[in-house]
Amino acid sequence: MTKRLILGQTLSFAGDPFHEPLSEVARHERRGAVLVEDGRIAAIGPADDLRAAHPQAEITDHGDALITAGFVDAHAHYPQTAMIASWGKRLIDWLNSYTFPEEMRFADADYAAEIAARYFDLTLSNGTTTVCSYCTIHPESVDAFFAEAQRRGLRALAGKTCMDRNAPEGLRDTPARAYDESKALLKTWHGVDRLSYVITPRFSPTSTPEQLEAMGALWAEFPDCPMQTHLSEQTDEIAWVKDLFPDARDYLDTYETFGLLGGRGLYGHAIHLEPRERDRLREVDAALIHCPTSNTFIGSGIFDMAGLMAAGQRVGLATDTGGGSSFSMLRTMAAAYEIGQLNGSALHPAQLYWLATQGSARALRLDDRIGNLAPGMDADLVVLDLASTPAIAQRAARADDLWEALFPTIMMGDDRAVQAVYVGGAPVGTA
Ligand code: GUN
Ligand code: ZN
């Protein structure tokens with residue numbers, strides 16, 4: 001098998017920079033290399049050492065660019081690609097005005113395939129090598145997503161978005177159909193190549209108790225599947241949940257009652273949490289997915305990253321396209337930084353970068369496969385030019401260390417900073 005040596009600066013993590021000293025967790029090699037073999041990382045280390053040890057390897061030299069694990073987007077809606085940046089509404093209005101009409105179009109398998117291809121072009125050109133996406137109610141939308149991911153050799157996660165109330169005709173199923181169609185899709189796609197099926201009730205307002213119960217039963221049958229949903233995003237939404245589920249102790253209880261709270265649960269947003277909700281999420285070691293560009297764009301609120309991290313919650317980072325306003329995890333890190341500042345804590349560039357790679361991989365419970373540079377991990381990589389625009393270049397030129405050199409790209413970078421992307425060790429064309 002061909003060995004490939006990819007040269008540049010390398011950055012990997014030996015631990016979590018929220019809980020361990022930076023000097024112990026960040027591994028930076030000024031002139032480093034990643035050895036790739038059979039789609040996996042075989043070794044990482046100083047370029048000179050690896051070149052000497054593997055003289056027959058094919059060499060790609062990225063010079064001064066920074067090689068890291070590809071970005072992991074832990075919550076996105078690929079069907080919302082074509083209506084991203086729709087103006088002027090808050091969550092419920094935004095769903096009814098823009099999102100649901102667009103999602104109706106995915107009954108057409110050709111349209112679903114077209115958007116899936118467009119979506120992966122956009123995510124890959126932004127350096128994102130794994131996404132965990134919602135699809136629509138239509139099984140065709142799930143097939144389109146997984147077929148496109150499979151064609152590109154990607155690790156990817158997704159599921160049919162189940163709704164049986166408070167959505168228009170054409171976007172509603174029933175408890176039985178949600179169960180049957182989800183199960184059939186799960187059996188078709190889960191564990192095939194690098195694909196994982198995610199059980200996906202959209203959120204409590206669009207599911208009857210009977211549908212939530214059916215989803216809980218499906219999860220109990222397939223406990224190794226992740227389950228994704230939305231939780232406590234906006235205060236109006238929380239008030240609506242209270243009306244719809246008068247007996248529930250809180251929003252999380254509407255999931256917990258029906259078997260939809262667990263360690264493989266992915267709870268998008270989780271902004272306005274009650275103390276009981278925080279405690280339960282922590283006890284079961286569920287993942288909270290922070291979607292900062294979405295939270296500012298739809299006006300949802302301030303996620304308490306510092307407090308939740310200090311309490312030992314499992315947190316991932318995500319775009320939430322198209323409620324989020326970007327396909328870029330760089331832009332997403334910048335927004336997480338800005339929200340942290342509004343909340344009184346400046347996240348370190350190492351923490352931001354860890355969240356966008358290993359943190360999200362941990363949330364998805366895939367950190368043994370993706371999200372870091374280490375032997376045995378999938379060779380899904382991004383290579384960043386840390387001087388991709390004049391504004392970034394002039395600031396990075398003043399930097400005294402890696403973090404000062406990287407932070408301008410985090411704050412001001414976009415797809416122009418993505419010099420190369422590798423999926424399973426093979427380079428993909430970038431925009
Ligand atoms: N809550 C329920 N559905 C959605 C969605 O599509 N986007 C966001 N941001 N929140 C939701
Ligand atoms: Zn979402």
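Note that ligands are numbered from 1 as they come in the structure, with each ligand's atoms numbered from 1 the same way.
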message: Taking side-chain hydrogen bond (donor to acceptor under 3.5 Å, both in side chains) as the criterion, tell me which of Asn126, Thr128, Thr319 meets it with Asp73.
response: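 Of all the options given, the one that passes is Thr319.
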
field: Atoms named by residue and atom, protein N, O or S, within reach of the Zn ion (ligand 2) (under 2.8 Å)
entry: His75 NE2, His77 NE2, His230 NE2, Asp320 OD1

message: Ring of Phe120, cation from Arg152 - is the NZ or CZ under 6.0 Å from the centre and inside 45° of the axis?
response: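 No.
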
Taking NZ, NE, NH1 and NH2 as the nitrogens, is one of them in [X] or [Y] under 4.0 Å from a carboxylate oxygen of the other?
X: Asp285; Y: Arg264; value: no
X: Asp414; Y: Arg331; value: no
X: Asp367; Y: Arg314; value: no
X: Asp173; Y: Arg177; value: no

field: With Tyr134 via side chain to side chain donor-acceptor pair (under 3.5 Å) - residues at least two apart
entry: none

- prompt: Mind checking what makes side chain to side chain donor-acceptor pair (under 3.5 Å) contact with Asp320, not counting sequence neighbours?
  reply: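 Testing Asp320 for side chain to side chain donor-acceptor pair (under 3.5 Å), a comparison that skips the adjacent residues, returns His75, His77, His269, Ser294.
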
- prompt: Can you tell me if Asp385 uses its side chain to pair, donor with acceptor, with the backbone of Ala387 under 3.5 Å?
  reply: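 Yes.
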
task: Could you pull out every protein residue that has a heavy atom closer than 4.0 Å to ligand 1, ordered by chain and then number?
output: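 If the criterion is a heavy atom under 4.0 Å, then ligand 1 touches His77, Gln80, Leu91, Trp94, Leu95, Arg202, Phe203, His230, Glu233, His269, Ser294, Ile298, Asp320.
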
